[in-house]
Structure formats: C-alpha cells, structure tokens
Amino acid sequence: MTRLYIFADDSMMGRETGTRGHLISTAYIANELQRLGLKPAGDNGTFFQNVPMIRRAFDERSTITVDGTTLQGGKDFIATAATGAAPSLGTVDVVFGGRAGDTTGALAPDQLRGKLLLQYPAQRGAGRGAFGRGGFGRGGAAAVATIEAITPEALRLATHPREGQVTLKTPTPGAPPGLVSLTVTPDAARALLGTDPATATRGQSGKTATLHLVFDEEPAPARNVVAIIPGSDPKLRGEYVALGAHNDHVGVLATAAQNHDSLHAFRQAQFAIDGLVRRGQQPTPEQQAQLNALHVNFDSLRQAHPIRMDSIRNGADDDGSGSVTLLEIAEAFASATPKSKRSLLFVWHTGEEKGLLGSRWATDHLPVPADSIVAQLNMDMVGRGAAQDIPGGSERYLQLVGSRRLSTELGDVVEQVNKTESMPFTFDYQYDANGDPENIYCRSDHYNYARLGIPVVFFTTGLHGDYHQVTDEPQYIDYPHMARVGQLVHDVALKVANLDHRPLVDKPKPDPNARCQQ
Ligand SMILES: [Zn+2]
C-alpha cells in the first residue's frame, strides 16, 4: 500500500512513456531494487534497459503537388504519423470516401488500397475510435485526409506533439505499417479531388498527388527496468523464471479536468452494462435503474464532497498494482534462503500502453537467451476484482489468461499451487476463450514472451469502471486481495523455479512476428 501510494501519486503525472513522470517512476523501482540487493540486468550495469522511442513532429516544409499546384504544409494541410514506421509516401491516387463513419456504401478494400482516402470527418458522437486506433474505414488506404479547417491548435499539436506521443524509433518486424493522417482545408481538398468535394460521390476518383512529407524525430525517454536474482543450483541457474508488470500508464488528460466522484459513480454503473452489451446480452432492469438514478446520486455526491476536479490518470491498478506487487515478490525472493534452483528475471516494461512496445523491445533484446526462460508470469491490474468492480467478482476472484496455451503443465502447476494457498482463488477462465471480445491474451506484455514459445500465465483481477480514468486511484484498491495475488504469483514462481524439469511445451509455438490471435 505504501509503495502504491508513492507509485500512483499525482507527482508521477500518470507515468506516461516519454514523460518526466515515467522517468521518476522507473527511478523509484530501480532505487528499490538497489536497496533490496538485486542484480542489475539492464544497459551498462544499470537496472535500466533504454528503449529507443521517438516523438515525430510535422515539419511545415512538407508539400503536396497536384496538377502543377503546390499545397503548403501548415497552410493547406497538416500531417501526423504518430505510430509505426516513418512514412514514405510518394505519388498516390486520391479517392473520395464521403463522410467517415457512414457505413452505407462504404468503400471496399480494393477501392482503397495504396490510395489517399479523402473524407469529411465523422459526425459528432458517431462513436469515433470504436474500431480501435485505425478509426473509421481506412481499409488499407495508404493515408487518410480529413477535410477540415486547420485551427492554430491542430497545427501546434502536429508540429509540437504531446510529450507522451511516442513510438519505437525502428518498428519491429511484423509491426503494421505506420498510418499517416492528414487534415486538408476544403480548398486543398478541391485541388486533390479536381472537383468540389461537397458535391462529389463516394468512390469518385480524384487526382494523382505527390506527397513530400517531412517529419522531425526527437528521442523520447523510455526504459524497462530489469533485474535478476541468481539461482542456487549449478545445473539449473542458467535457466530463468521471468516475472513482469508494466511501469507505464496513460498520463494526464488532454481535455478538460473531470469531477472525480461523479465520474467514479457513473463509470462503475456503466461498466457492468458495457460488458454485457459486448457479449450480446441485455442489462438487468436493476442495472438500468441504477444507471438512470445516477443523476440523483450526483446531487448527493456533490453535497457530500466538494467538487474534486482531476486530470491525472494515476493508474493505481493499471499497472501500479502489478508493478508494486512485483517489487514485493522481488523483496521476498531477495531476502529468502536458500535461493530457488533456477534464476529469476524481473522486468518492469515500458510502453505497454503504446502497444506493448517495451516488452517487444525487451524480448527482442533479452539479457539472457530466450530459450533459457522456462516461463513468464505477468501481472497487469491485480488490485480490484471485487463484486462492485466486475460481474462475478469476489475476494477470491482472479482471472487467468494463457496459462495452458503453450504448456498444459504450467496451467496445472498454477492450479496445484493455488490449492495450497491459505485462501485459494476461484479462477475465472472465461476471458481465455478463443475469440473472446476483450482480447486480453493479446493485450498485455506476456504475449511478447508467448510469441517466442515461452509458456506464460497472465494474472489479473480484471477490467473495471475506473480503467484508464482519473479515478484509477490507490483508495479503491483491495489491498488484502492484491497481497494474495502476490503470494500466489510468488509461490508459482518458486514452484516452477524448483521443478526438476522445465514445464513441458506441448502446444504449437506461434510465429514470433505474426499478429496475435486469441
Ligand atoms: Zn495495463
């Protein structure tokens, strides 16, 4: 609890990769490891493995030429390419896509492939972002240009990206290509299309444009924290049980501050309903009534508390809980005698929230051979799981994901060890089903180990209404519950580290560079 109140304090500013808060929080972990006497396994004898990330800013020297006319960056258009590889767009054909998010008569992928898709922005409230990072209807287009006036704010954000808007300098093999998003003025859109877009029809071909996009890249701080506790058995100490969590979170709100108490109450009621709807089920009349009654509760909440505005997403559960629990486990092993037979590898990953970038880097640049790692145990969000947090929750609630996806034996070990705990968990395996809509198996760092054929177990008390909100704060953590998760993960690690054989991999290994499929 003490560690979490420090790690998820406002002074960490939401621990977003690329920001000062991320540096402070990783320094905290490294200082603790130093104090506990773990062996550094990062760069140059330190606990830090630096991960080369960059911020990519739009340069106003960019131009687009079309039919002998030159459109000027910053005046006629702006471009962003926040993630993925540096874009190398040359000459592209323009196609008109109507209005984003309008599903009637949407263009087919072969109408879009390799083209510059020119479209009006989605209607307000049309569920922007509902389909993930790609947004609406990119469908293989080389770039998307939105027809909109260029505001001074948009220009400033493109030329001076937020501190936390970072991506890997060199994208990893198999990573999806970087997406370029442009904003073009209505006049520039007319030049690109050759006619007035206001009267164009969806699918209409435009001109051929030559893009000369210039981006300036600056390095951004990002680091994994890596430590080892050497094993005691001369024959087995060259093998490792890896344990992980992620040290980063999603930073401060880019928009206006929010009232903590109203938000917490609303999100809690909404979360249970959202989960049902994603599974094609209906909320119960009681759940709906609770949500409907909330405006009444808001009035009483505001009387009970002065309005508490907040803009820092502290990530107490995500993944402060996993990070400090991993420190507790490291402390327990560091002070134990005798040591486990196999060695232990601890990694606090950066950039999880940016698309598992830190764990991807860590597993491509491991301090020990990949095939010496016999299992990886990952914790992300292990501090909630009560009945009011998640449907089916209780003090014994714990989700396991991936535990038998490579090694049946490893999944069995977790079950056996759980039975020996003072208060065994009731494991919820429903999120481990193939094709589950939450896609948890692909959504945290363990997957980057699993892709190398390393058996993994993902431990989590699950999503909840405060997920990625300013209300994910230490006051809502169930500390005894979190401590028991830590005990279980410790005991599983100890059991695996002392086995006379490594857990048998009896399932097919994935292609390490393929897209994760749950
Ligand atoms: Zn997380």
Side-chain angles (χ1 to χ4, degrees), residues 58-84 87-159 161 177-215:
F58 177 61
D59 189 315
E60 292 178 72
R61 288 174 299 169
S62 299
T63 58
I64 298 175
T65 31
V66 54
D67 265 0
T69 305
T70 299
L71 304 175
Q72 300 293 341
K75 178 177 153 289
D76 302 310
F77 72 95
I78 54 179
T80 56
T83 62
S88 57
L89 291 171
T91 299
V92 289
D93 293 331
V94 177
V95 62
F96 181 66
R99 185 169 286 282
D102 178 1
T103 50
T104 50
L107 300 184
D110 59 330
Q111 290 175 282
L112 292 171
R113 193 161 297 120
K115 298 199 175 151
L116 174 63
L117 170 62
L118 182 67
Q119 62 186 10
Y120 284 105
Q123 299 280 17
R124 230 167 237 293
R128 190 190 280 263
F131 302 103
R133 281 156 200 263
F136 288 114
R138 284 177 182 271
V144 176
T146 301
I147 307 166
E148 229 170 16
I150 294 172
T151 62
E153 291 78 16
L155 177 59
R156 183 171 48 78
L157 261 180
T159 53
L179 292 169
V180 182
S181 299
L182 296 108
T183 300
V184 299
T185 63
D187 283 347
R190 188 179 322 220
L192 289 165
L193 198 57
T195 59
D196 184 354
T199 56
T201 53
R202 192 172 232 190
Q204 185 174 322
S205 295
K207 300 284 183 179
T208 299
T210 301
L211 278 61
H212 177 66
L213 300 183
V214 185
F215 293 97

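Side chains are part of it too, since the values below use all heavy atoms of this structure and drop only hydrogens, waters and symmetry mates. Each residue takes its place number in the sequence, starting with 1. Remember, it's a predicted structure, so these values are computed and weren't measured experimentally.
Between Pro197 and Arg190, the shortest heavy-atom distance links the atoms CD-CA, 4.0 Å. Here the closest non-hydrogen pair linking Phe77 and Leu71 is CE2-O, 3.4 Å. Taking all atoms of both residues into account, the shortest heavy-atom contact from Ile78 to Ile150 is N-CD1, 3.9 Å. Taking each heavy atom of Ala209 and Ile64 in turn, the nearest pair found is CB-CG2, 3.9 Å. Pairing each heavy atom of Val95 with each of Leu112, the nearest pair is CG1-CD2, 4.1 Å. Of all heavy-atom pairs spanning Lys207 and Gly194, the tightest one is CE-CA, 3.7 Å.
Side-chain atoms of Arg202 never come within 3.5 Å of backbone atoms of Phe96 as a donor-acceptor pair (strictly under, hydrogens ignored). Panel note: side chain Ser62, backbone Val214; a donor-acceptor pair is recorded below 3.5 Å. Although no hydrogens or angles enter the test, the distance criterion places no donor-acceptor pair under 3.5 Å between the side chain of Thr201 and the main chain of Gln204.
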For this session: I would like to know whether Thr146 and Thr183 meet side chain to side chain donor-acceptor pair (under 3.5 Å); could you show each step before the answer?
Result: CA-CA 5 Å; Thr146 301; Thr183 300; 5.6 Å; no
For this session: Give the intermediate values and the outcome of side chain to side chain contact (heavy atoms under 4.5 Å, CB included) for residues Leu116 and Leu89.
Result: CA-CA 10 Å; Leu116 174 63; Leu89 291 171; over 6 Å; no
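Annotation: side chain of Asp187 is not in contact with side chain of Asp76 (no heavy-atom distance under 4.5 Å). With a 4.5 Å cut-off on side-chain heavy atoms, Gln72 and Thr70 count as touching. Contact of the Val66 side chain with the Val94 side chain is not registered, since no non-hydrogen atoms from C-beta on lie closer than 4.5 Å.
Here Lys75 contributes atom NZ and Leu155 contributes atom CG; the two are 12.5 Å apart, rounded to the nearest 0.5 Å. Annotation: the span from Leu192 atom CG to Asp93 atom CG amounts to 11.5 Å, rounded to 0.5 Å. Between Thr80 atom OG1 and Leu182 atom CG the span is 7.5 Å, to the nearest 0.5 Å.
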